[in-house]
> 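Mind having a look at this structure? Questions to follow.
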Amino acid sequence: NAGVTQTPKFQVLKTGQSMTLQCAQDMNHEYMSWYRQDPGMGLRLIHYSVGAGITDQGEVPNGYNVSRSTTEDFPLRLLSAAPSQTSVYFCASSLTDNEKLFFGSGTQLSVL
Amino acid sequence: DQQVKQNSPSLSVQEGRISILNCDYTNSMFDYFLWYKKYPAEGPTFLISISSIKDKNEDGRFTVFLNKSAKHLSLHIVPSQPGDSAVYFCAASGNQFYFGTGTSLTVIP
């Protein structure tokens with residue numbers, strides 16, 4: 001039972017580079033979301049999706065893009081990486097938008 | 001503006017004693033509250049939840065209490081075990097989930 005799978009686990013980028021963080025779930029969850037965790041800030045919502053083809057912004061969406069072409073996948077794109085995007089990123093999914101979240105193991109991103 | 005607050009960054013408890021982790025929230029519209037546990041280099045895992053229509057929910061050694069008038073919830077772990085050492089996040093659900101900043105619990109053998 002894979003649950004929520006995130007890749008890569010670690011990534012180092014240079015300022016201005018772009019990359020995509022991958023997230024896939026095999027639980028047929030409609031709701032998927034991306035969070036970032038920073039020291040002293042808790043988990044903050046970046047973007048979320050309530051189903052295939054539907055995405056919306058969370059609390060801290062600037063500098064990130066998402067798309068949801070299938071129920072299973074919800075990639076997070078950094079268009080032009082900045083040092084302020086150095087963080088640990090978690091993907092999460094749930095059956096609906098008001099049910100408990102299942103989290104991936106995280107991606108530690110450093111932007112130099 | 002933090003809608004969910006955990007004012008204690010850390011807590012140390014002796015094995016076998018009770019651990020009490022606290023959480024405060026500001027939005028009275030929140031209707032669902034959760035606790036997550038996080039080990040280093042892993043994602044948060046769901047621990048226990050409570051609906052706003054209840055004031056207590058138990059699951060084994062874990063009990064969550066909700067005081068709506070005070071906008072306060074707490075997680076009690078009895079008895080505490082060394083394997084409980086982790087960071088605990090509380091979360092509240094309105095139109096999205098809002099997380100606290102976490103409390104690092106250390107259970108001393």
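To find a chain, count down the sequence lines: A is the first, B the second, and so on, and within it residues start at 1.
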> Within a strict 4.5 Å, meaning less than it, do heavy atoms of the Lys100(A) and Phe97(B) side chains meet?
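No; the side chains remain at least 4.5 Å from each other.
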> Are Leu21(A) and Leu13(A) connected in the hydrophobic side-chain network, where two residues link if heavy atoms are under 4.5 Å apart?
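The answer is yes; both residues are in one hydrophobic cluster.
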> At their closest point, which heavy atom of Phe99(B) faces which heavy atom of Leu101(A), and how far apart are they?
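For Phe99(B) versus Leu101(A), the nearest heavy atoms are CZ-CD1, 4.1 Å.
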> Flag the pair Phe103(A) / Lys38(B) as yes when at least one side-chain heavy-atom distance between them is below 4.5 Å, and no otherwise.
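No; the side chains remain at least 4.5 Å from each other.
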> OH of Tyr98(B) to CG of Leu43(A): how many Å apart, nearest 0.5 Å?
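Taking OH in Tyr98(B) and CG in Leu43(A), the distance rounds to 14.0 Å.
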> Would the number of heavy atoms belonging to other residues, nucleotides or ligands and lying under 6.0 Å from CZ of Arg61(B) be above 12?
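Yes.
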> Take a 6.0 Å sphere around NZ of Lys68(B) and say whether it holds more than 12 heavy atoms from other residues, nucleotides or ligands.
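Correct, the count exceeds 12.
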> Test side chain to side chain contact (heavy atoms under 4.5 Å, CB included) on Glu99(A) and Phe46(B); report intermediate values, then the result.
CA-CA 11 Å; Glu99(A) 302 218 16; Phe46(B) 170 77; over 6 Å; no
> Do the side chains of Trp35(B) and Leu11(B) join up, straight or via other hydrophobic residues, at under 4.5 Å, putting them in one cluster?
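In one cluster: yes.
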> Below 4.5 Å, heavy-atom pairs only: which of Leu45(A), Asp38(A), Asn98(A) has the largest tally toward chain B?
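If we count pairs closer than 4.5 Å to chain B, Asn98(A) comes out on top.
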> Within this structure, what is the CD-CZ distance for the pair Gln96(B) and Arg44(A), rounded to the nearest 0.5 Å?
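It comes to 12.0 Å.
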> Output the option from Gly43(B), Gly102(B), Ala41(B) having the highest count of non-hydrogen pairs under 4.5 Å with chain A.
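Top count of heavy-atom pairs under 4.5 Å with chain A: Gly43(B).
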> Please tell me whether Met19(A) and Tyr64(A) are part of a single hydrophobic cluster in this structure, the criterion being side-chain heavy atoms less than 4.5 Å apart.
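Yes, one cluster joins them.
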> Gln6(B) versus chain A, heavy atoms under 4.5 Å apart: side chain, backbone, both or neither?
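Neither part, no heavy atoms under 4.5 Å.
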> Using the rule that two of Ile, Leu, Val, Met, Phe, Trp, Tyr join whenever any of their side-chain heavy atoms come within less than 4.5 Å, decide whether Val88(A) and Phe89(B) are in one cluster.
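In one cluster: yes.
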> Do you reckon Tyr88(B) sits in the same ILVMFWY cluster as Leu73(B), going by side-chain contacts under 4.5 Å, direct or chained?
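Shared cluster, yes.
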